[in-house]
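Every number for a ligand or one of its atoms is a count from 1 in the order of the listing. From a predicted model like this one, the values you see are computed outputs, not experimental measurements.
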Amino acid sequence: METNFLLPGGPSAPNPALRGAPPAGARGSRMTGSAPSGAMGGLAVVAAVAGATICRAAAVKKKGVKVVHGKEIPWNLFSPKAPYQGKVVANDVHPQTLTEPTGDANWETTHVTFDHGGKVPYIEGQSIGVIAPGPDKKGEQPAKIRLYSIASSAVGDDQSSKTVSLCVKRVVELDGKFSNRAKGEDKPDKAGTAFPENEVYRGVCSNHICDMSVGDDVLITGPTGAEMLLPTDPEANIIMLATGTGIAPMRSYLRLLFHDKAGAASDGSRKFKGLAWLFMGVPYSKSLLYDDEHQVYKKEFPDQFKYDYAVSREDKNAAGQKMYIQTKMAEYAEELWELMQDDKTHVYMCGLKGMESGMAECFGPIAEKNGIVWTEFAKAMKKAWPCHAVPHGDFYAMRLQHLI
Ligand SMILES: Cc1cc2nc3c(=O)[nH]c(=O)nc-3n(C[C@H](O)[C@H](O)[C@H](O)COP(=O)(O)OP(=O)(O)OC[C@H]3O[C@@H](n4cnc5c(N)ncnc54)[C@H](O)[C@@H]3O)c2cc1C
Ligand SMILES: NC(=O)c1ccc[n+]([C@@H]2O[C@H](COP(=O)([O-])OP(=O)(O)OC[C@H]3O[C@@H](n4cnc5c(N)ncnc54)[C@H](OP(=O)(O)O)[C@@H]3O)[C@@H](O)[C@H]2O)c1
């Protein structure tokens, strides 16, 4: 029997109809009124992402709700025209800045938390949009929305169901194709980094977020995204492949699986009974996002949580190759392959597109040994989850699942 422990509607969920369901009257309350100019372009971003989602039975039945695999999930409660105005709860350099300076201009990734007063419910694996004041690339004010994968579980970091957290990398480019600060114009950001000697391009929304202070207002849209939802089976195995900020949805899952009260059974054990295996790829050990949390899960749940990471600019494999996530996975190819033969295994990927071909390099030979063509196997897994692969430029969010 399938137990609904992860998605809305489980016996212990606060609202049996929809965990994280939009509270009555959420729509329209505390909205910011008139549409910011330029926000329609943001709508196009949402539409493009939703358009890439091929969902069976995914018709929107009620406003603010989408049905995915027979379950209702919160959906676009707040649009770019009428965003929710939340407040920043935490965004300091320490401990919320997750990374330390590495020498690269774009060294900083922050963990930021917004209060949404319970008005922007979401579930693990979804994204929200943020509208920065701008000016945007073409001078638009406010800027078009940018999407961010939610890094907190549905109950939020404080488990009040009133906050949402993001893992945001500050985009800073020096002497590149684009600049929005001429030489001498760049001022120290909140982390104290400045490049007065260079032509600098500072990403519009990521810098807005990284420079936020507690108490600041923030304009939020969404939630959206059905590609990366967790399965309902508590005995599922969850393999997670993340590079850089691609860790955001994985952090959301891990909070539910191993941290939150919402994921605890009445006997004190976890509702989740399967195996969660995280492979994380970052450039430097100083950029190992959420490593402290992962170490705790590893210590507390040694039989259920496995954690491996590849530090690309510090480590090499035995053959002297750069240590990428797929290089690390290749060390466990047999074990992973066996796990992937299990119908209960789901693979989540979020991060640089190169990971997908990396997977093929890793599993191609072992698949061949077993008389299987990896690309066919991966294609079948993708098909089994109809809301599959969502490429965003060089980035990729994907869930692979067995055909059942
Ligand atoms: C579903 C989804 C989830 C995401 N999740 C996350 C997340 O969890 N964490 C995260 O950090 N990011 C995430 N992103 C990326 C995020 O949406 C933003 O793209 C990112 O923060 C950069 O936005 P920005 O406004 O700071 O940069 P922008 O100002 O949008 O700049 C981005 C790039 O545009 C280039 N550029 C500048 N001017 C021009 C021009 N005139 N023409 C063309 N290009 C130009 C710049 O060189 C720069 O590289 C996600 C994206 C999607 C779609
Ligand atoms: N999270 C999301 O959903 C999302 C979505 C869209 C865009 N973004 C944006 O994407 C940008 C990415 O930065 P980041 O901080 O997330 O990443 P990051 O910190 O640069 O980490 C990426 C890691 O992946 C490695 N890598 C490079 N090519 C690879 C390949 N072919 N296969 C496997 N690994 C590879 C990199 O190694 P080397 O660099 O050493 O080669 C690095 O170690 C951010 O600006 C973010 O805004 C994020």
Provide the number and element of each atom of ligand 2 under 4.0 Å from a heavy atom of [X].
X      : answer
Cys350 : 3 (O)
Arg313 : 38 (P), 39 (O), 40 (O)
Lys322 : 38 (P), 40 (O), 41 (O)
Val171 : 45 (O)
Gln326 : 32 (N), 33 (C)
Gly246 : 1 (N)
Gly281 : 23 (C)
Leu352 : 22 (C), 24 (O), 25 (C), 26 (N), 27 (C), 28 (N)

> So, the side chain of Asn207 versus the backbone of Val171: is there a donor-acceptor pair under 3.5 Å, distance only?
Replying inline: yes

Ignoring hydrogens, just give me the one of [options] whose non-hydrogen atom is nearest [atom].
atom                    : options                        : value
atom 1 (N) of ligand 2  : Thr327, Leu288, Thr245         : Thr245
atom 19 (O) of ligand 2 : Ser312, Gly354, Pro283, Ser149 : Pro283
atom 7 (C) of ligand 1  : Gly129, Cys205, Cys167         : Cys167
atom 32 (C) of ligand 1 : Gln126, Lys137, Glu227, Lys138 : Lys137

List the atom pairs, donor and acceptor, that lie under 3.5 Å between side-chain atoms in residues 132-139 and the rest of the protein, sequence neighbours left out.
{"from": "Asp136", "atom 1": "OD1", "to": "Arg146", "atom 2": "NH2", "distance (Å)": "2.9"}
{"from": "Asp136", "atom 1": "OD2", "to": "Lys144", "atom 2": "N", "distance (Å)": "2.8"}
{"from": "Asp136", "atom 1": "OD2", "to": "Arg146", "atom 2": "NH1", "distance (Å)": "3.1"}

> Any idea which atoms of ligand 1 are less than 4.0 Å away from a heavy-atom of Glu173?
Replying inline: 46 (C), 47 (O), 48 (C), 49 (O)

> Quick one: does ligand 1 sit under 4.0 Å from the side chain of Tyr148, the backbone, both or neither, non-hydrogen atoms only?
Replying inline: both

>> Quick check on side chain to side chain donor-acceptor pair (under 3.5 Å): which of Arg251, His111, Arg255 does Tyr290 satisfy it with?
In response: His111

>> If you measure every N or O of Leu147 against every N or O of ligand 1, does any of those distances drop under 3.5 Å?
In response: yes

> Hey, are Asp216 and Lys87 close enough for a salt bridge, meaning a charged N less than 4.0 Å from a carboxylate O?
Replying inline: no

> If you measure from the Lys or Arg side-chain nitrogens to the Asp or Glu carboxylate oxygens, is any gap between Arg202 and Asp211 under 4.0 Å?
Replying inline: no

> Which residue pairs satisfy the ring-ring contact (aromatic ring centres under 6.0 Å, His included) criterion with at least one member in residues 228-263, sequence neighbours excluded?
Replying inline: Tyr253-Tyr348, Phe258-Phe272, Phe258-Tyr297, Phe258-Phe301, Phe258-Phe305

>> With nothing but distance in play, are any N or O atoms of Thr109 less than 3.5 Å from an N or O of ligand 2?
In response: no

> For ligand 2, does Lys353 get within less than 4.0 Å through its side chain, its backbone, both, or neither, judged by non-hydrogen atoms?
Replying inline: neither

